[in-house]
Each structure stands twice: as structure tokens, then as C-alpha cells.
There are 2 protein chains.
Amino acid sequence: MTSAEILAKHDIKPSLPRVLIFDYLRQHRTHPTVDEIYSSLSKRVPTLSKTTVYNTVKLLSAAGIVKTITIEEQQARYDACTDLHGHFLCTDCGGVFDFDTSLPDSRLPHGFTVKTQEVYYTGSCEHCSQKN
Amino acid sequence: MTSAEILAKHDIKPSLPRVLIFDYLRQHRTHPTVDEIYSSLSKRVPTLSKTTVYNTVKLLSAAGIVKTITIEEQQARYDACTDLHGHFLCTDCGGVFDFDTSLPDSRLPHGFTVKTQEVYYTGSCEHCSQKN
DNA sequence: TAATTTAATTGTAATCATTACAAAAGTGAA
DNA sequence: TTCACTTTTGTAATGATTACAATTAAATTA
């Protein structure tokens with residue numbers, strides 16, 4: 001399914017900036033920050049505003065078609081893959097990697113309603129582990 | 001074990017501000033922010049600096065006796081309880097609640113070394129679920 | 001104890017990600 | 001075209017965090 005179709009299905013008008021940003025996230029599974037999205041796209045679309053990137057990732061995240069990754073204090077990252085998987089932050093090189101995971105077995109307090117579930121690990125990636 | 005003893009055991013000199021801050025976190029299991037810690041303690045210790053709170057929670061977190069909770073974009077929260085449990089952010093009222101959880105069954109890429117593991121859920125707490 | 005070194009704390013000033021907001025541009029209907 | 005509405009943009013705030021230099025406190029040495 002095209003990005004425009006997915007946006008439309010979620011009642012988001014598939015304007016050019018929105019399609020570009022969503023496309024970028026679907027094609028770059030590196031958990032980019034707003035700055036990375038903006039820097040890459042503004043080369044091809046010089047009129048793009050960073051505010052639009054902020055607005056759009058918030059919109060896509062609220063619609064549930066993009067996940068906001070808050071594994072770092074400094075800035076948020078975004079992921080268009082909403083299938084179940086964990087995120088691993090290498091505190092040496094700063095990279096964020098996917099890993100396979102189940103959901104944990106959780107007992108929530110009574111009456112709580114779940115919207116999102118995230119599994120975050122930190123440590124050292126293979127490359128940085130070897131250097132230490 | 002007293003806070004001072006725990007600090008000493010981790011080679012952290014138990015200065016007054018450090019003991020106060022660690023004590024505060026051990027007694028207030030509400031996942032306070034730096035601002036909340038500072039506001040509460042500065043009433044009794046007017047000379048306390050917010051920078052010291054930042055320095056100290058970073059120090060305690062690096063020592064592994066405090067967990068940094070990055071479930072929100074806006075600001076970090078801190079938790080002196082390092083036993084296994086999940087954190088639930090109510091996106092309506094902003095509260096952060098503990099819940100019982102196992103660790104998920106994860107397959108990490110080869111060679112990765114794990115330092116911390118976090119399970120974050122978002123949604124609505126019981127109180128806010130009822131209002132909706 | 002006094003002098004000296006080292007570590008911890010403080011206050012202020014930056015930094016920088018994010019948001020607020022109002023103006024400009026785009027879109028669609030009548 | 002004109003009007004109403006939505007989206008985008010640029011700039012200016014906001015606010016959490018960090019950098020840094022100065023002060024204070026603690027530990028060490030003579």
C-alpha cells in the first residue's frame with residue numbers, strides 16, 4: 001500500500017510534505033530524529049519547514065501509524081514499523097537498533113487502558129562491545 | 001540500609017545533598033522530575049542548587065541505584081526502586097504508575113551487551129478511563 | 001593547626017529540542 | 001472568482017538540560 005493510501009485511510013489528507021515524511025520513515029528504518037528527517041528531505045524540498053516535520057510526526061504518531069521512541073533524553077525518534085519489536089540504544093555510539101521480542105507478561109492495575117507498549121534496552125551494540 | 005550506606009557502597013561520597021536527594025527518591029515512589037525533587041528539598045535546604053540535583057541524579061543513575069525514566073518527551077523522571085517493574089504513563093493526567101511485569105522474551109543481535117531493560121506502556125489510568 | 005590540594009556545590013549563562021503563534025499559501029466548494 | 005477552511009511556514013518563545021567558572025567544603029599534608 002502506498003504512503004498516500006495509508007494516510008487517507010487514517011483520515012489524514014495526503015499532502016506532499018506528509019507523504020514525503022511518511023515515505024522517508026517507511027524507507028529509512030534507522031529511527032531518525034526530526035532533525036535527520038528534515039535535513040534529508042530539505043535537500044530535495046527546500047521549502048520544507050522543520051515545524052512541518054514536527055507537526056507531521058505528531059500527527060502520524062497520534063494516528064498510530066508511526067511510533068515515537070523516547071529511549072533517549074535528548075530527542076525523540078520515529079519508527080514507521082509498528083510491528084512488535086524492541087529498541088536497543090547503544091550508549092557508546094548512540095545507535096538505536098531493533099530486536100525481536102515478545103511482549104512481557106504484565107499485570108496492570110485494574111481499569112487501566114493500554115494504548116502503546118514499548119520495550120527499551122540500553123547497553124553496547126556488537127561493534128562497541130568489541131572495542132571495550 | 002541507610003541511603004548514606006548505599007551511596008558509600010557505590011563509591012559515592014555521601015554528602016548532604018546527595019543523601020537528601022537519594023532519600024527523597026527512596027521515600028517518594030512517584031517518579032519525580034528534577035524540578036519536583038528540587039522544589040520539595042529547597043524548602044528545607046534553601047542553598048540547594050538545581051544543578052546539584054541534575055548532577056546527583058545523573059551520578060546515581062550511572063551507579064545503577066536510580067533508574068532514569070524517559071517515558072515522556074518533556075522531561076526525565078527518576079526511580080529509586082530498581083526491582084523489576086514496568087512504568088505506565090497516563091496520557092490524560094500525566095501520572096506515571098508502576099505495574100508488575102515479567103521481562104519479555106527477547107532475542108538480541110549477536111554480541112550485544114545489555115545494561116538496562118525498561119518496559120513502558122502508555123494509555124489511561126483507572127481514574128481517567130472512567131471519565132472518558 | 002595551618003597550608004595545600006582535591007572534590008563538591010552553586011549560580012549564571014548557554015544550548016538545543018520542541019511548541020506557540022500568526023502570517024502566508026494552498027485546497028475545495030459554491 | 002470568491003469564500004471558508006486547512007496546511008504550511010518562519011520566527012519567536014518555552015523550558016529542560018548542560019557547560020562552565022567561581023565558591024565552598026572536605027581531605028591531606030606538613
Side-chain angles (χ1 to χ4, degrees), chain A residues 3-4 7-8 10-24 31-63 66-79 89 91 94 96, chain B residues 3-4 7-8 10-24 31-63 66-79 89 91 94 96:
Chain A
S3 294
L7 293 179
H10 287 83
D11 294 317
I12 297 172
K13 197 181 297 181
S15 68
L16 181 62
R18 288 170 177 171
V19 172
L20 284 174
I21 291 164
F22 188 40
D23 257 346
Y24 184 87
H31 318 98
T33 63
V34 162
D35 212 66
E36 286 161 359
I37 300 168
Y38 171 73
S39 297
S40 295
L41 292 181
S42 64
K43 287 174 197 157
R44 301 156 141 268
V45 189
T47 60
L48 183 66
S49 158
K50 197 181 274 191
T51 299
T52 298
V53 181
Y54 274 107
N55 291 341
T56 302
V57 292
K58 179 162 286 193
L59 191 68
L60 302 181
S61 186
V66 155
K67 286 210 149 198
T68 304
I69 303 171
T70 62
I71 198 170
E72 291 177 287
E73 279 191 67
Q74 298 76 29
Q75 82 251 73
R77 296 178 171 276
Y78 298 90
D79 190 347
L89 169 67
T91 51
V96 174
Chain B
S3 293
L7 294 178
H10 287 83
D11 294 317
I12 296 172
K13 196 180 298 181
S15 68
L16 182 62
R18 288 170 176 173
V19 172
L20 285 174
I21 291 164
F22 188 39
D23 257 346
Y24 184 87
H31 320 97
T33 63
V34 162
D35 212 65
E36 287 162 0
I37 300 169
Y38 171 74
S39 298
S40 295
L41 291 181
S42 62
K43 287 175 197 156
R44 303 154 140 271
V45 189
T47 60
L48 183 67
S49 158
K50 197 180 273 191
T51 300
T52 298
V53 181
Y54 274 107
N55 290 341
T56 302
V57 293
K58 180 162 286 194
L59 191 68
L60 302 180
S61 186
V66 156
K67 285 210 150 200
T68 304
I69 304 172
T70 62
I71 198 170
E72 290 176 288
E73 280 191 67
Q74 297 76 28
Q75 83 249 73
R77 295 177 173 276
Y78 297 91
D79 190 347
L89 169 68
T91 50
V96 175

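Below, all heavy atoms of this structure are taken into account, side chains as well, without hydrogens, waters or symmetry copies. Convention: sequence-line order gives letters A, B, ...; per-chain numbering from 1.
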ask   = Quick check: does any side chain N or O of R77(A) sit under 3.5 Å from a backbone N or O of I69(A), one acting as donor and the other as acceptor?
value = no
key: Atom pair CG/CG of L16(B) and L48(B) - distance to nearest 0.5 Å   = 9.0 Å
task = Could you state the atom-to-atom distance from CD of E73(A) to P of dA17(C) in whole Å?
result = 14 Å
inquiry  = Enumerate the side-chain hydrogen bond (donor to acceptor under 3.5 Å, both in side chains) contacts for residues 42-52 of chain B, please, sequence neighbours excluded, ordered by first and then second residue.
reply    = D35(B)-K50(B)
ask   = Within this structure, what is the CG-to-P distance between L7(A) and dT6(D), rounded to whole angstrom?
value = 18 Å
inquiry  = Tell me the interatomic distance from L60(B), atom CG, to dA8(C), atom P, rounded to whole angstroms.
reply    = 13 Å
inquiry  = Heavy atoms from C-beta onward define the side chain here; which of dT19(C), dT8(D), dT10(C) lies closest to that of S49(B)?
reply    = dT10(C)
message = Strictly under 4.0 angstrom, non-hydrogen atoms only: write out the protein contact profile of nucleotides 21-30 of chain C, one letter per nucleotide from the 5' end, B, S or -.
response = ----------
message = Y38(B): which residues meet the side-chain hydrogen bond (donor to acceptor under 3.5 Å, both in side chains) condition with it, sequence neighbours left out?
response = none
E72(B) CD to dT19(C) P, straight-line distance once rounded to whole Å = 12 Å
task = Using whole Å, report how far CG of L20(A) lies from C1' of dT7(D).
result = 14 Å
query = Expressed in angstrom and rounded to an integer, what is the separation of I21(B) atom CD1 from dT10(C) atom P?
reply = 8 Å
request  = Kindly say if T47(B) contacts the phosphate of dT10(C), meaning a side-chain N or O under 4.0 Å from OP1 or OP2.
outcome  = yes
ask   = Has K58(B) got a side-chain N or O lying under 4.0 Å from the OP1 or OP2 atom of dT18(D)?
value = yes
ask   = Quick one: are L60(A) and I12(A) in side-chain contact, heavy atoms under 4.5 Å?
value = yes
note = With the side chain defined as heavy atoms from C-beta on, Q75(B) is closest, among dT10(C), dA8(C), dT17(D), to dT17(D)
query = NA contact type, T52(A), heavy-atom cut-off 4.0 Å: base, sugar-phosphate, or nothing?
reply = base
query = For L48(B) and dA8(C), what is the distance between atoms CG and P respectively, to the nearest whole Å?
reply = 16 Å
inquiry  = For V34(A) and P46(B), find the nucleotide of DNA chain C closest to each by heavy atoms; which residue's nucleotide sits nearer the 5' end?
reply    = P46(B)
query = Counting only side-chain N and O atoms of Y54(A), is one of them less than 4.0 Å from OP1 or OP2 of dT18(C)?
reply = yes
inquiry  = Measuring from atom CD of E73(A) to atom OG1 of T70(B), what distance do you get when rounded to the nearest 0.5 angstrom?
reply    = 7.5 Å
key: For atom OH of Y38(B) and atom P of dG15(D), their distance in whole Å   = 16 Å
remark   = Heavy-atom nearest nucleotide on DNA chain C taken for Q74(A) and for K50(B); more 5' hit belongs to K50(B)
message = Counting C-beta onward and ignoring hydrogens, is there a side-chain heavy-atom pair between F22(A) and T56(A) closer than 4.5 Å?
response = no
